Amino acid sequence: MLSEFDLIAQYFTRPPRANGQVALGVGDDCALLTPTAGMQLAISSDMLVSGRHFFADVDPYTLGHKSLAVNLSDLAAMGARPLGFTLALALPEARAEWLAPFAKGLLALADLHHCELIGGDTTKGPLNICITIFGETAPGQALRRDAAKIGDDIWVSGTLGDARLALAGYRLNACKNDPDEPLGGQINLDASNHALAAARMHQPTPRVALGLALRGIAHAAIDISDGLIGDLGHILQRSGVGAKLSVDDLPLGAVLAQQPQTIQRHFALAGGDDYELCFTAAAAQREAVLTAAQNASTKVTRIGSIVADPGIAFVAADGTALDLQLSSFDHFRTT
Ligand code: ADP
Ligand code: MG
């Protein structure tokens with residue numbers, strides 16, 4: 001069994017990278033980070049708990065990826081550039097077969113975004129992964145939730161719902177009549193499609209480049225972790241506005257697109273774990289949004305508009321109102 005210090009040295013300590021903003025990394029009482037002069041720090045924490053956010057036996061490589069991806073996604077939603085992160089890890093036991101791939105998945109994504117692991121804490125306990133991430137943004141340029149304006153277009157990046165479909169697949173494999181999947185009887189998912197959807201669930205793509213490209217163009221933004229309507233709802237509430245959503249324009253995940261319409265709508269609107277960006281921008285900025293998305297090599301789709309009436313009104317392609325009964329994922333629901 002590795003000691004705490006051997007474990008940190010072996011898996012979570014690397015020579016400092018060349019970006020120059022990490023003045024001191026792992027190994028002292030604190031890390032030292034040098035933000036660019038005049039920039040604001042953007043800081044966010046996310047905790048992943050075994051049995052709640054992931055299955056205990058999930059592939060440790062993808063778990064390492066996802067642990068950082070959800071934090072990078074928060075920086076993306078703010079339009080902030082990643083600098084570094086800390087990792088607080090509770091582990092039931094120090095097993096190389098788990099630690100090596102976990103660190104590999106984590107650090108591969110860190111390298112992709114030039115985001116350094118600068119410190120953390122390690123303790124024995126039920127598996128729990130808490131990352132705090134640090135980024136920077138120019139004052140006044142952050143994409144805040146309270147900045148949506150009436151008349152704005154509503155956009156979403158990538159596609160929605162495949163992660164939620166993968167979760168349904170796991171639940172239905174374990175129990176055909178899982179009460180958490182009341183629409184399960186309508187789902188048709190063979191093993192290869194389930195694997196495709198599961199890749200979206202386990203290895204989300206944080207839209208960092210898009211968030212950066214939207215600075216000065218978008219008004220409000222949020223990343224979709226708990227389902228589009230719930231997360232868009234946060235923008236609406238904080239901005240004191242409402243939304244009209246064109247349900248037939250939602251960009252569906254490739255696997256979800258093969259499901260019946262009820263499943264498509266529910267999972268795209270109220271799924272979870274998508275880690276796409278939902279953002280608003282003035283209608284006059286349509287071309288600028290599309291150019292920013294192209295520069296970030298990320299697909300974006302216009303799905304509705306911000307209106308004065310509170311709440312979310314759903315409309316079909318022909319403009320008729322749709323009455324959809326949906327609720328987004330809620331960590332404290334009782335089921
Ligand atoms: P302290 O006693 O000051 O809390 P620790 O002994 O917990 O310090 O950690 C020693 C060093 O290793 C510190 O620089 C800390 O930031 C770093 N560290 C601890 N755990 C991790 C981890 N899981 N990942 C990265 N760095 C870590
Ligand atoms: Mg410590």
Side-chain angles (χ1 to χ4, degrees), residues 1-36 39-76 78 80-136 202-206 208 225 275:
M1 185 92 159
L2 287 167
S3 79
E4 176 189 337
F5 298 105
D6 291 341
L7 183 164
I8 296 165
Q10 191 164 341
Y11 297 108
F12 301 119
T13 309
R14 303 191 301 170
R17 312 275 117 169
N19 85 7
Q21 292 188 264
V22 178
L24 186 62
V26 170
D28 213 314
D29 296 311
C30 289
L32 298 174
L33 201 55
T34 315
T36 307
M39 299 290 268
Q40 286 177 333
L41 282 178
I43 304 163
S44 177
S45 290
D46 261 304
M47 184 147 55
L48 273 76
V49 177
S50 177
R52 172 42 104 177
H53 301 98
F54 59 89
F55 304 112
D57 61 351
V58 74
D59 173 8
Y61 182 94
T62 61
L63 183 60
H65 172 105
K66 187 165 181 176
S67 303
L68 183 58
V70 301
N71 283 274
L72 284 165
S73 180
D74 282 322
L75 289 185
M78 215 64 189
R81 190 169 67 81
L83 294 175
F85 68 102
T86 60
L87 169 68
L89 193 58
L91 283 174
E93 51 185 348
R95 281 192 308 121
E97 311 85 76
W98 191 91
L99 277 160
F102 174 80
K104 204 168 168 198
L106 179 85
L107 296 175
L109 188 64
D111 287 346
L112 201 62
H113 293 279
H114 309 290
C115 188
E116 281 289 293
L117 176 55
I118 58 173
D121 198 24
T122 307
T123 176
K124 195 175 164 85
L127 184 56
N128 190 321
I129 302 154
C130 182
I131 287 179
T132 297
I133 198 162
F134 301 83
E136 63 179 23
H202 296 306
Q203 284 194 276
T205 306
V208 176
S225 52
Y275 297 100

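In this text the structure is predicted, and so the values were computed from the model without any measurement. Excluded from the calculations below are hydrogen atoms, water molecules and symmetry mates; all remaining heavy atoms, backbone and side chain alike, are included. Both counts, for ligands and for their atoms, begin at 1 and track the order of listing.
- The shortest N or O to N or O distance between G120 and ligand 1 is below 3.5 Å.
- Applying the side chain to side chain contact (heavy atoms under 4.5 Å, CB included) test between F54 and each of T62, V49, L127 identifies L127 as the sole match.
- The contact set between ligand 1 and D121, taken as ligand atoms under 4.0 Å from a residue heavy atom, comprises 7 (O), 19 (C), 20 (N), 21 (C), 23 (N).
- Close contacts of ligand 1 with F5, meaning ligand atoms under 4.0 Å from a residue heavy atom, involve 6 (O).
- Interface atoms of ligand 1 facing D29, defined by a heavy-atom separation under 4.0 Å, are 3 (O).
- Not close to ligand 1: Y11, with no non-hydrogen atom less than 4.0 angstrom away.
- Taking only nitrogen or oxygen atoms, main chain and side chain alike, G25 does not reach within less than 3.5 Å of ligand 1.
- A distance-only check finds a donor-acceptor pair linking the side chain of K124 to the backbone of P92 [under 3.5 Å].
- When L87, L7, L117, L24 are ranked by how near their heavy atoms come to atom 22 (C) of ligand 1, first place goes to L87.
- Between L106 and F85 the shortest side-chain heavy-atom distance falls below 4.5 Å.
- At distances below 3.5 Å, not a single donor-acceptor pair connects side-chain atoms of S73 with backbone N or O atoms of A69.
- Of all the heavy atoms of D28, the ones lying under 4.0 Å from any atom of ligand 1 belong exclusively to the backbone.
- A donor-acceptor distance shorter than 3.5 angstrom exists from the side chain of T13 to the backbone of I8, with no hydrogens or angles considered.
- At least one donor-acceptor pair under 3.5 Å links the side chain of E136 to the backbone N or O of T36.
- Contacts between I8 and ligand 1 below 4.0 angstrom, taking non-hydrogen atoms only, involve the side chain exclusively.
- Checked by atom type and distance alone, the side chain of H65 pairs as donor or acceptor with a backbone atom of P204 at under 3.5 Å.
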